Amino acid sequence: RQGLGQYQKADANYRKLLSRRLSNVKMRDEIIFAMAENAEQRGQWQTAMQTLSNNYKQLSNGARTRAKARMADYYLQSGSTKKARRHRREALKAFKPKKAKSDMPLKDAMARMEYNYLQSSHQRYLKLQLTDRLDNKIVAAKTKQLETLEKKYQKVLKYQSPPWPLRACY
């Protein structure tokens, strides 16, 4: 149903599966994330956050880090920057590169979180415009912002999640 765009019907099926107390941890993790992504597809950031938050204790340890990254992203998208920062800090603290080596969904969530977190800095950089006259203060500020952005975009690259480094380099 999810592949057909029937997100609410898919969620109803997922809730039935979760109510059975699945013993397959990976399946349970993926069901919870699928439900959050369905809410995201419908533009319901609050529902996506609640899905991850309400089911957080059912997730495996690696999936909890992924959930923190996704919640940081959802909070950022909904304008709750303070909560986004808190979840981002928690995700960064919990992320272990060696353990995540083969966990592409986790690396993708981390890269997406970092990329989206940088968008406000990127917008500030774009807003700082040179005027008709050459102003050394503006040139210096814009140069410093660009250097900072480049360093931060390098962090996105370290997660080795293909779509996000491409966006970071664009």
Side-chain angles (χ1 to χ4, degrees), residues 1-120 122 152-170:
R1 296 202 182 251
Q2 186 173 357
L4 297 172
Q6 298 175 342
Y7 302 118
Q8 290 173 324
K9 289 182 179 180
D11 284 349
N13 291 340
Y14 289 146
R15 279 190 291 279
K16 285 179 188 175
L17 283 170
L18 283 177
S19 69
R20 294 182 183 166
R21 302 284 181 214
L22 297 171
S23 59
N24 185 332
V25 176
K26 281 192 171 206
M27 181 183 276
R28 186 176 55 232
D29 289 350
E30 291 311 311
I31 287 172
I32 293 167
F33 284 107
M35 290 172 63
E37 288 168 14
N38 287 344
E40 179 184 350
Q41 290 294 325
R42 295 188 310 266
Q44 298 174 345
W45 306 111
Q46 292 292 339
T47 303
M49 288 181 276
Q50 285 175 338
T51 299
L52 293 176
S53 181
N54 293 344
N55 294 291
Y56 185 77
K57 290 183 180 178
Q58 293 183 47
L59 293 169
S60 64
N61 288 336
R64 287 179 181 182
T65 303
R66 181 177 162 198
K68 285 291 184 185
R70 298 301 299 129
M71 285 192 283
D73 210 27
Y74 293 145
Y75 277 118
L76 191 63
Q77 297 297 327
S78 67
S80 300
T81 54
K82 189 175 182 179
K83 289 181 180 179
R85 274 195 299 269
R86 181 174 55 90
H87 284 284
R88 179 177 172 264
R89 269 194 312 271
E90 291 171 3
L92 290 171
K93 184 178 179 183
F95 182 76
K96 306 290 185 235
K98 289 182 181 178
K99 289 184 178 180
K101 197 170 191 170
S102 62
D103 191 346
M104 281 309 295
L106 173 57
K107 292 195 304 188
D108 184 57
M110 295 296 291
R112 179 180 178 170
M113 175 190 71
E114 287 295 282
Y115 176 83
N116 287 333
Y117 188 75
L118 291 173
Q119 292 312 295
S120 61
H122 183 79
K152 290 179 178 179
Y153 279 126
Q154 289 292 324
K155 291 180 181 180
V156 174
L157 297 175
K158 78 175 183 175
Y159 293 108
Q160 301 173 348
S161 173
W164 303 104
L166 288 174
R167 289 179 182 167
C169 291
Y170 176 69

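Since the model is a prediction, treat every value here as computed from it, not as a measurement.
- Two residues are said to be in side-chain contact when any heavy atoms from C-beta on lie closer than 4.5 Å; Met113 and Leu92 meet this criterion.
- Contact check for Lys68 versus Tyr56: side-chain heavy atoms found under the 4.5 Å cut-off.
- The minimum heavy-atom distance linking Pro163 with Asp108 is given by the pair CG-OD1, 4.0 Å.
- Shown are Lys93, Arg86, Arg88; of these, the side chain to side chain contact (heavy atoms under 4.5 Å, CB included) with Glu90 is made only by Arg86.
- Annotation: side chain of Arg85 is in contact with side chain of Tyr117 (closest heavy-atom distance under 4.5 Å).
- Across every non-hydrogen atom of Leu106 and Gly62, the tightest pair is CD1-O, 4.1 Å.
- Here the NZ atom belonging to Lys26 is positioned 14.0 Å from the CD1 atom belonging to Ile31, to the nearest 0.5 angstrom.
- Summarising the local packing, NZ of Lys158 is surrounded by more than 12 heavy atoms from other residues, nucleotides or ligands at distances under 6.0 Å.
- Between Arg112 and Glu37, none of the side-chain N atoms (NZ, or NE/NH1/NH2) sits under 4.0 Å from a carboxylate O, so this pair counts as no salt bridge.
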Problem - Glu114 and Lys107: CA distance, side-chain angles, deciding distance, salt bridge (Lys or Arg N to Asp or Glu O under 4.0 Å) verdict - result: CA-CA 11 Å; Glu114 287 295 282; Lys107 292 195 304 188; over 6 Å; no
Under 3.5 Å, which donor-acceptor pairs link side chains of residues 44-53 to any protein atom two or more places apart or in another chain?
residue : atom : partner : partner atom : Å
Gln44   : OE1  : Arg42   : NE           : 3.1
Gln44   : OE1  : Arg42   : NH2          : 3.0
Thr51   : OG1  : Thr47   : O            : 2.8

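- The minimum heavy-atom distance between Ile32 and Gln58, with the atom names listed, is CD1-CB, 4.2 Å.
- In terms of modelled atom types and a separation under 3.5 Å, the side chain of Asp73 and the main chain of Ala109 share no donor-acceptor contact.
- Taking the ring centre of Phe33 as origin, the terminal cationic atom of Arg70 falls outside the region bounded by 6.0 Å and 45° from the ring axis.
- Under the 3.5 Å distance criterion, the side-chain polar atoms of Arg64 are matched with a main-chain donor or acceptor of Lys57.
- The CG atom of Asp29 sits 7.5 Å away from atom CZ of Arg66, with the distance rounded to the nearest 0.5 Å.
- Between Ser60 and Val25 the shortest heavy-atom distance is CB-CG1, 3.5 Å.
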Handout entry: Worked verdict on Arg28 versus Asn55 for side chain to side chain contact (heavy atoms under 4.5 Å, CB included)
Key = CA-CA 10 Å; Arg28 186 176 55 232; Asn55 294 291; over 6 Å; no
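- Note that Lys83 lies outside the cation-pi zone of Tyr74, set by a 6.0 Å cut-off to the ring centre and a 45° limit from the axis.
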